[in-house]
Amino acid sequence: MNEEEQRYEPRPIERKWQQIWESERTWEVPNPGEEGYQPDKPKAYVLEMLPYPSGEPHVGHLKCYSVGDAIAHFRRRRGYEVIHPMGYDAFGLPAENHAIRTGEHPRVATDRSIESFREQFREWGVSIDWTREVSSHNPEYYRWTQWIFLRLLEQGLAYREEAAVQWCPKDATVLANEQVVEGRCERCGTLVEPRRLKQWFFKITDYADRLLADFDLLESWPDNVITMQRNWIGRSEGAEVIFRCEELELDFEVFTTRPDTLFGATFFVLAPEHPAVERMIEGTENAEQVRTYVAEAMRAPTEQRGSAEREKTGVRVERTVTNPVNGERIPVFVADYVLMEYGTGAVMAVPAHDQRDFDFATAFGLEIRRVVEPPEGADELPEDQAFVSHSDREVAINSEQFSGKPSTEVAVEVVDWLEGRGLGSSAVNYRLRDWLLSRQRYWGCPIPIVHCPSCGVVPVPDDQLPVELPEIEDYQPKGQSPLETATEWVETECPGCGGPARRETDTMDTFVDSSWYFLRYLDPRNEELPFDREIADHWMAVDQYIGGVEHAILHLMYARFFVKALADGGHIGVQEPFINLFTQGMITRDGAKMSKSKGNTVSPQEYVERLGADTARTYICFMGPPERGGDWSDEGVEGVHRFLSRLWRLAREVQDRTDSGAAPASQPEAEVRELLTKAHWAIDKATRDFERGFQFNTVIAAVMELVNECYRLKGELLDDEREGAAAALRFATSTAASLIFPFAPHLGAEVWEMIEGGRLWEQPWPEPDESLLSHETFTLIVQVNGKVRAKLEAASDLGDEELLALARAEQRVIEQIDGGQVVKEIVVPGRLVNIVVR
RNA sequence: GCCGGAGUGGCGGAAUUGGCAUACGCGAUCGACUCAAAAUCGAUUGCCCUUGCGGGCUUGUGGGUUCGAGUCCCACCUCCGGCACCA
C-alpha cells in the first residue's frame, strides 16, 4: 500500500456521498397521504432558524446547522420521520442599502447570496429536504404573507393609527419598539428620534397574557429566553385611579402598582407629551415656561431621557388635582421622568415610597409623607431614600381607616373602596407595545391595502394577491417609502368602488415574513392557501428549534403571536410554534466577536475546502457545550481532523486485514471482550448524552475513546488467527462510524460502507448490549477518613462484609488505621468503602 | 439597581443521584520510525515536598452540613448576558 492510499482525503469522500444524497433524494419526506408516507412512524420537526442571505455563510451558520443536523440524524435513526427544511429570510435592509450604493437590484444580490448559501449547505452535507425550500422575497411566498396580514386585519389584529413612533434617521424608517436598543436603532446604532406618523400595527398586546401563560405549554426553553420575554411583556398588577382637576372638570387616570400608598401621594406628574398638558396650562401664569420645558424635553434624545441617574427636572403647573382617597388638592408638575409610553402618561407621586418621586420631591422641596412602616422592632429607616418594601410585614400609617393594617391588605381594600365610588379599579399594565410593522423601505413585502378617497382603507381582495413589488429606479429613502416613485403601481383602482385610489406604499417589517415560514415549509407549493391545515397540524409544532439567542425577544415572540392569531382564526391547531428551543452560543476568535473590521473572521468555506466539512462540523460540536459558545482554535480543528483521519485509517486497515464473514467470538478472549465492552460503553454513553440534551462534545469524546481503544488493541487482534478477534475489531470500527455519523456524516457513511456495506443512515441507532455493560468486577475505592488510600478489583457480587474484609486486608489501609480506633465503616456497593478512624 | 448564567490544570473543557476531581482534545516533554524533516505510532504531563517509597495540597474566596462536597446550604468576590426613571 502506498502513501497516497493511507491518507484521509475528505473531499472525494464528501463529494461522493453528497451526490448520492442528492440523486437519491435521501432526506425528502412526504406529507401524509403522499406516496411513501409512513403513518406508523412518529414525526419530528427539526428546524434551524432560516438564514438571512447576505454575502456568504459564516461560522455562526455552520454551528447552527451542524447542531441541527446532528439532531435530525439522531432522530431519524431513532425511528422518527424527520422533516428538516431550509429557506431564506430574503427581504431586508442590507440588500437594500447595497442597492442604494451600487444601483444593483436587491433581488440580484439576494439571489446571488442565496445561491452561495445553498451551495455551502450542500457542501456541508446538511440533510435538508430541498423540495420544501422557500424564500420570503418570492411572490409565491409573500402572497401568503399578505394573505395572513388580511386575516389579521379581519380579526381586528391589524390596525392603522397615527402614533408617536421611533424613527431611525439613517435607515429612514420607523422601528418597532423591539428594534430600539438603548435609544438606538438595533440595526445601525443610530440614535432614534420621535415622530408622529400614521402606521400599521399588529395588536400583539391583546395576547400579552396568553404569551405569558403559554410558557407552560413549552417543554424545554432556556430560562433566560423565557425571562427576557417575560420582562419584555412586563406585566404588572395594580390599580387605575382617577385624579380629578376640579377647575377644568378634567379626569386623569393613573396606573399604580401600590394603591396602598395612595394616602402618601403629595403631588402629581404629567409626561411632557401628555395630550392634556396644553389644556392644563392654558390661561395660567407660567404657561410659557411649561411650553418651553415641554419643547426641550421632546427634543432630547430618548436615550438621555431614559437614565435613572439623571437629575430630575420638571416644571410646576398652576393647577391642582384631587386625591380621591382623602380629597386633598395636590400640586401638578410636568416632568420628563414620566414616560408617555407606559401606563397613562401621568403618575401620582408618592415620594416616601418611590425612589424617583423621592428624588423629584427632594429637588423641588415637596412634602414627603410616609404611609407605610415596617413592623416594630425593625431597623431604623434611612432618611435619604424612599422606603419601597411591600409585603405582609409592612403596616399602613397615616391612612385614615386603613392605618394599622398590613400593606398588602390595604392595597386590596383601597381598590375596593375606590371601585365602590367609581374612582378607580384594579388594573393590569404591560410594558409590551403593539408591533409596529410599517417600514418606509423598498425591499420588503408590500402591505396589501388600497387607500380610496371615498371608501377609505380598503383591503386588497384575496384573488388579487400577491400585490407584487414594482420595479423602481431609485432606492434612496426620502422620508417616505421609495415605492411612492412607482407612480403606475401606486395609482390603482379601488377594489370597493372602482374609483381611482392609491396603494399603500409602506412595506412590512421583515419579522412578519419570518413569523410564519415554518408553516409554509410544510406545504410549500399550495396555491390555494398558505398551508393546508391538516398537513400543518400533522407536522406542527416544531419539536426542536435551533438558533441564536439574539432572537430571544423579536423573532421568537412575534412567531408565537402569529401562531396564536392563526389558531384563533381557525387556520391551525397549535398554540405554540416551538416546543423545544435551543439557543447556541457565539463563536469568537482570539476572545473577540468576529468582525470584518477586526479581521478575525473565520471562513467556513476555507476549512471545508482544506480539511473537509466533517472536520469543521465535528470540531464545532466538540469545542464545548454549544449553548455556551467558544473560541475558535486552529489547533483544535487540527486535532479533530487528526481524530477523523485515525478513524479512516483504522477502517482502511481493518477492511484490508479482516474478513467480512468473520463470526463473533463465542468464548471471548480478554482483548476481544475489552474492545467489545468499550464499543458498547461508547454506544451507551453517546446515546445517553444525545438524549440528555446537546452535550455533543462528550458524545464525540466517547467515540475518540473507542477509536483509541481500537488502536491500543488492534496489533494483537489483527495478528490473532481466531475469527472473534477480527469480528470484534470490525464491530468496534463500524460502531465508531455509526456514532460519529451525526457530526461527520460523510466519513461515517464511508467507513460503514467499507466495513459493513450498505447505507449507514438506513441503520437504526445502535443499542448497547447490557450484558457487556455489567461487569464481573469493579474498582473498589478504599478510603480512610474520606481519603483514597487504595484501589482494588473486587467481584461485583460481593456483600458489604466481604468488601470491608477486602479493604481492611490492604497493606496501606492497615498502615493508615494503625493504632486508631475504627468508629464507622461506610460501604457503597459497587463503588467504595470508607473507614473512619479516630 | 433588578433578573438570569458562569468561575475546575498552561488552554478548550469532563465529572449522570453527594462517592476515584481533571475524561476527551489542544499545547508541552521524551521515545520509535527517518540520512533528516513532516506525517504517523507510543509514553509522560494539576501543584508542592521527596533520590526513591511515599506524603501534602487543589474545583473564585470564607464559613457550614456530611463518613464523604466541584456538586447541597449561608455570606462574599469576579466575569458574561439581559432589562432598567415601567409608576
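Residue numbering restarts at 1 for every chain, and letters A, B, ... go by the order of the sequence lines.
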Check this one for me: any side-chain N or O of A:Arg831 less than 4.0 Å away from OP1 or OP2 of B:C67?
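No.
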
Between [M] and [N], how far apart are the [atom1] atoms? Round to whole Å, please.
{"N": "B:C47", "M": "B:G9", "atom1": "C1'", "answer": "9 Å"}
{"N": "B:A43", "M": "B:A23", "atom1": "P", "answer": "14 Å"}
{"N": "B:U61", "M": "B:G70", "atom1": "P", "answer": "12 Å"}
{"N": "B:G31", "M": "B:A69", "atom1": "C1'", "answer": "41 Å"}

Are a donor atom and an acceptor atom from the side chains of [X] and [Y] found within less than 3.5 Å of each other?
{"X": "A:Asp634", "Y": "A:Trp632", "result": "yes"}
{"X": "A:Thr615", "Y": "A:Tyr8", "result": "no"}
{"X": "A:Asp209", "Y": "A:Tyr430", "result": "yes"}
{"X": "A:Asn708", "Y": "A:Arg646", "result": "yes"}

hbond_proxy A:Asn834 side chain to B:C67 base (donor-acceptor, 3.5 Å cutoff)
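It does, because a donor-acceptor pair links the side chain of A:Asn834 to the base of B:C67 below 3.5 Å.
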
Once you apply the 3.5 Å cut-off to both distances, tell me the Watson-Crick or G-U wobble partner of B:A69, or none.
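Across any shown strand, B:A69 pairs with none.
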
Nearest-nucleotide comparison on RNA chain B, the residue closer to the 5′ end among A:Val828 and A:Glu635:
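The answer here is A:Val828.
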
Let me know, please, whether A:Lys791 or A:Gly624 comes out on the 5' side of the other along RNA chain B by nearest nucleotide.
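The residue closer to the strand's 5' end, by nearest nucleotide, is A:Gly624.
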
